[in-house]
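Take a look at the structure set out below.
Remember, predicted model here, so these are calculated numbers, not experimental data. For ligands, and for the atoms within them, numbers begin at 1 and follow the listed sequence. In this chain, numbering begins with 1 at the start of the sequence shown.
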Amino acid sequence: MPYKTVYINPSILNRPRASVLVIYTGGTLGMVYDQKANQLIPFDFERVLDRLPELHRLDFEITMLTLPEIIDSSNMKPAIWVELAQIIQQNYEQYDSFVILHGTDTMAYTASALSFMLVGLNKPVILTGAQLPIGVARSDARENFITALEIAAAVDSAAVDAAAVDSAATGDQKKGRPIVPEVCVYFNSFLLRGNRSTKHESVQFNAFTSENYPHLATAGVSIDYNRPFIRPYQPAQPLALRTTLDTNVTILKLFPGITQPVVESIVNLKNLRGLVLETFGAGNAPTDSWFLDTIKEAIDRGVMIFNVSQCEGGRVTQGQYQTSKELQQIGVVSGADITTEAAITKLMVFLGGESNPSRLRALLAHSQSGEMNDQVMV
Ligand code: ASP
């Protein structure tokens, strides 16, 4: 493996409960205060046990892999999402689950992108980070990281018990099925579906929210899983990757007073293939003819326009008001209750892999990885 790798607990356990691959990408979590330099500097994860001796108390094996370049997540890019997806695929058979340590700023984008890129995922991929560096006394890094590891390693104990008395049970069944076989964000006591999460707070510890989908778990004295909302385990599915992402996409956030030159300069960008139109309320936009004509011309040129509400909660219902009916009539695709993070990454991933416009419209309009509830609401 061309990455810096640290093995934790490899020999002290004779029957490890699980093996987890941790991928460290950077972010605030991995900083320590350097007294000499009087500043926060990236923490060398080779010395992780100095900061987190508790890791020895976990009854599973942990391998920590550090990406070659440790980044603030504001520098995250599709090429790194591809790298993360490939690391997961290359290690898919060897590990039971994956934890990605990531800066909080763009964590919801990475979680959304990976949810579309990892096709047939049947193991946990849990992203976490922290608002305060691991080296700071009041840091939230310890709790976030250790609980993310616990969730990644959690298996359905009823299935393990049944397999123990079933002589035909396979090794996999004996080890147990993961409780959360999907891409998630764990932060500040809550497990969220990754492609439903949004960073909504930059100062408090409760950095993430999922307004349109229930929490998948709550970590208190015990970790309580909200099982009806967790994607079910699908046995014997092979993992495949979507790694061709099209970055000819953008986001246009509407505001009262937006001018024709501004809209035109964005919508008529050369090579543009997909646009997230951040509309008001339930998916409403101005009905000025210059606005609708500009959008319609772009659709006629083949640009996919995806209607996403500026509201964190609720949904786009095209046709509820006259101000959204027109968008529906000219061919804007409703994003229903999708987040902007999921919408823009969904455009990149599906524009990258599909060129047929009607198939593309169908992929966008319907849930692919649990990112939206596309049932029509009346
Ligand atoms: N700027 C940091 C990052 O996203 C913030 C954090 O990790 O909380 O990498």
Practice task
Just say parallel, tilted or perpendicular for the rings of Y92 and F98, cut-offs at 30° and 60°.
Solution key: parallel
Problem - Neighbour count above 12 (heavy atom, 6.0 Å) for F205 CZ - result: yes
Exercise for the section: For atom 8 (O) of ligand 1, grab the closest protein heavy atom and report residue, atom and distance to one decimal in Å. Expected result: T104 OG1, 2.5 Å
Completion exercise
Correct closest heavy-atom pair for E371 and H366 would be OE2-O, 3.6 Å
Practice task
Examine Y213 together with F229 and report whether their ring centres are nearer than 6.0 Å.
Solution key: yes
Exercise for the section: Please confirm whether D72 comes within less than 3.5 Å of ligand 1 when only nitrogen or oxygen atoms on both sides are compared. Expected result: yes
Completion exercise
Per-atom filter on ligand 1: closer than 4.0 angstrom to a heavy atom of G27 are 7 (O), 9 (O)
Handout entry: 4.0 Å heavy-atom contact, A207 with ligand 1
Key = no
Exercise for the section: Please determine if S74 has a nitrogen or oxygen closer than 3.5 Å to a nitrogen or oxygen of ligand 1. Expected result: no
Problem - atom 6 (C) of ligand 1: the protein heavy-atom neighbour that sits closest, reported with distance to 0.1 Å - result: T28 OG1, 2.9 Å
Exercise for the section: Give yes or no for whether the N/O distance cutoff of 3.5 Å, strictly under, is met between L29 and ligand 1. Expected result: no
Problem - Nearest protein heavy atom with distance in Å, relative to atom 4 (O) of ligand 1 - result: S73 OG, 2.6 Å
Problem - CA sep, side-chain torsions, deciding dist, call: D374, S367, side chain to side chain donor-acceptor pair (under 3.5 Å) - result: CA-CA 6 Å; D374 51 77; S367 173; 4.8 Å; no
Exercise for the section: Look only at the side chain of R315 and the backbone of V308, and say whether a donor-acceptor pair between them is shorter than 3.5 Å. Expected result: no
